[in-house]
Each structure stands twice: as C-alpha cells, then as structure tokens.
S.K.: 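Okay, handing you the structure first.
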Amino acid sequence: MIYLDNAASTPVDEKVIEEMLPYFREQFGNPSSIHRHGRIANTAIQNARKRIAELINANSNEILLTSGGTESNNTVIYGIASQSKGKHIITSSIEHDAILEPCRLLEKKGYRISFLPVDKYGFVNPEDLKKEISDDTCLITIMYANNEVGTIQPIKEIARIARESNIFFHTDAVQAVGKTPVDVKELGIDLLSISSHKINGPKGVGALYIRNGVKISPLMLGGGQENGLRSGTENVASIVGFGMACKLAKDNINHNTTHFKKLTTRLISRVLSEIPLTTLNGHTDTRIPNNTHFTFLGVSGEDLIIKLDENKISASTGSACSVKIQKASHVLKAMGFSHEQVTGSLRLTVGITNTEQEIDETVDVLKKVVQELRSVSPYKSKYNF
Ligand SMILES: Cc1ncc(COP(=O)(O)O)c(C=O)c1O
C-alpha cells in the first residue's frame, strides 16, 4: 500500500501513540477534578498546550484547545462576529468549507461577506484586500496554504494590512503548520487554526491561537473549561498526543521539509517529463513542500483515483470533504480552470513515511493508468492520444 493523501490525514506517529496510552489506562482522571487523578490529567493538558504554543511561537495562554480545524475556524467566524459591531467579513474564494460555510450562514443573517478572487496560481492580491476594507469590517480570514493546490498566501503582508486598519486577522494554517515554519509573532497574526491529524497526531483535536488581547465569544457553553471559551470535558489522551505531534513537528521541521521537497521534486519532474499533456497546478515555488497537484488532460480524476486504488495507491482529487459529495473544486474554478482541467485533476501529497521508491512506483503506475484511461477517453481524437 502506498499512501499519498497526507493532506487529508496522516498516520499517527508511534511516539505519539506511546505518549497517549497512559491517558486511556491509569491516568483517566477528569482534569477538572481536585484529586490526584484530576491533577495529573490537568498537568498533562498544560504540558501539551505548551508544546502546541512552542510550535508556532505563541504563549501557552494563547492556545484554545478544540476538536480540530473545523471547530477552530467556526469559533473564529462566530466568536469574532458576535463580539463586534461591524458586520463585514473579508475572506477568499478558495477557503476550506469550514470557513466558507459559516461565512455563508452569516451572510444569510445580514452580514456582508467579501470573497476575494485569486489569480491562476491561487494567490490573493493584497491590493484587492485593501479595496474591500470598510469601517464595518470586523474580520479578515485568509488561509495560510491551500489544501488542494498548496499555494502559500502572502500572509505577512495581509497581516500588516489588517493591523494597519485595526481589523483582526485570522489564518487557517491547518495545511501549513509542520510543513513550513510558522511564527505568529513574526507574522503579526491575531488568530490561527491548527489540526492535529495533519501533523501525525490523532484525529478530532486541534487548536486555535488567540493573541492575548483579542476578544472572542465561545461556541459551546457549559462547565467553563478552557477559560470559559470551550466547555466540555477535555479529550485528554488526544490533547497529549497532539502535544507530542507538535513537539516532533518542531524538532524535525528541517528534516521533514527537506524530505518532502526531495520527494515532490522527483514526483513533479518525472510526471511532467514522462506523461504528456500534463500540468502542475498552483505555483512552482510558493507552495507547501509536501503538495503536488496535476491536471492530466483527457482523463477524469475520479477514474484515476479508482485505478490508482486498484494498484494499492491512495490519492485524491482535492479536498477529502468535497470528494464524498462529488462537487467540482471551487478552488480550481476560482483559479480560472476550464471544466476539463478541473475534471482531470489529481492531488498527491507526501508525508514523513513516504520513500523515493514509493514515488517511483507511483509514477510507473500513473503512466500506465493515464494511458489506459486516455485510450478510451471521449477526448481521444481531440488530443490524438
Ligand atoms: C485548510 C483546512 N482547513 C480546515 C480543515 C478541517 O480540519 P479538521 O479535519 O481538523 O476539522 C482542513 C481539513 O482538511 C483543511 O485542509
């Protein structure tokens, strides 16, 4: 089995599992309890919080533990909107649905939402952002790196524009953290979303960085955990695992990014030189190092995934969430792709466990299956396959 869908989820690191196990067994206490069992669980959470903060150069008290990227994003949209007088939010047209859907709901409730366009590489233009800012703008939320094509936005510049206009800036960094160094202080970010399962931690846990001084309302009310910002008994084992995943991501960032780059460079160069009528989508350089995204003209990306799966290779057309409901990628459409280009797209994302041999095997299989699919393609005569 070759797994090349690390943007959808990653295998949990053995060291992470080891770290989690005691919190299912002997250390099962409720972190809110006063007794020893409770205190041990609480200390474990605070240690994990510190590790999460260190990965992005934040303070521990700026980390809100959540159930993942989706909850972190929703918390920002509703939590900032309900605190602010302004009724205008600026975002981009290529965000994950965990940003777009809450924005659309607020739109129905009378908020104005600006969905910034992107160019053919997937970049937001900071000049477009400046033009959209109004006295009513309460939040700017632009993703750090896109989950389909991997494009990294000019985050520092966007954060500067937001700061100069006194508007909170949030970035969904779910695909960026662990793939490129992220320093919230250096970048001037107010709020940032992270997800554990994208960095070899367990699923169903994540964090929202909230810069000290930013006021936000909770989504969930109850026992007042997480400083009243997220009630509910904490998922101790998963939080501990997430903490360990962050420590490993920080300790190994240079090694991991070099490894990702080596694999994707090989993959891109072999695919583009050995499979005709193929393009790399997104920007050549300004992309997260573990992402590749191609269009193979004349084939359907979904057929390609099925064929790859028959050959024991796991790949994707784009966002895992969209695939199940079979909708065409809003990201590629926003980048100006034709229907045919959108249909023929395939995302291959590498992780820490992939090898060069796996990349070579994948390219060999890809060559074969693309040829097979093209031989029965309705575009056969158009491209002379
Ligand atoms: C950019 C981005 N944001 C948010 C999410 C949602 O994160 P989670 O799966 O932790 O809810 C994802 C997951 O694919 C993502 O890629």
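All ligand and atom numbering here is 1-based and tracks the order in the structure. None of the values given here were measured: they were computed from a predicted structure.
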S.K.: Within a reach of under 6.0 Å around NZ of K261, are more than 12 heavy atoms found that belong to other residues, nucleotides or ligands?
M.R.: yes
S.K.: Would you mind listing every ring pair (Phe, Tyr, Trp, His ring centres under 6.0 Å) that reaches into residues 133-152, with sequence neighbours excluded?
M.R.: none
S.K.: Checking contacts here: is it the side chain or the backbone of N147 that comes within 4.0 Å of ligand 1, counting heavy atoms only? Could be both or neither.
M.R.: side chain
S.K.: Can you sort out which atoms of ligand 1 are near S195, meaning under 4.0 Å from one of its heavy atoms?
M.R.: 8 (P), 10 (O)
S.K.: Counting only heavy atoms not in K185 (residues, nucleotides, ligands), do more than 12 fall under 6.0 Å from its NZ?
M.R.: yes
S.K.: Tell me the nearest of A173, G68, S196, G69 to atom 7 (O) of ligand 1, using heavy-atom distances.
M.R.: G69
S.K.: Compute the minimum heavy-atom distance from K198 to ligand 1 and say whether it is under 4.0 Å.
M.R.: yes
S.K.: State plainly whether the residues R49 and E226 are in salt-bridge range, i.e. N to O under 4.0 Å.
M.R.: yes
S.K.: If you count the atoms of ligand 1 from 1 in the order shown, which ones are under 4.0 Å from a heavy atom of Q175?
M.R.: 1 (C), 15 (C), 16 (O)
S.K.: Tell me, please, which residues at least two apart from K380 pass side chain to side chain contact (heavy atoms under 4.5 Å, CB included).
M.R.: F385
S.K.: Should H197 be counted as touching ligand 1, given the test is an N or O pair under 3.5 Å?
M.R.: yes
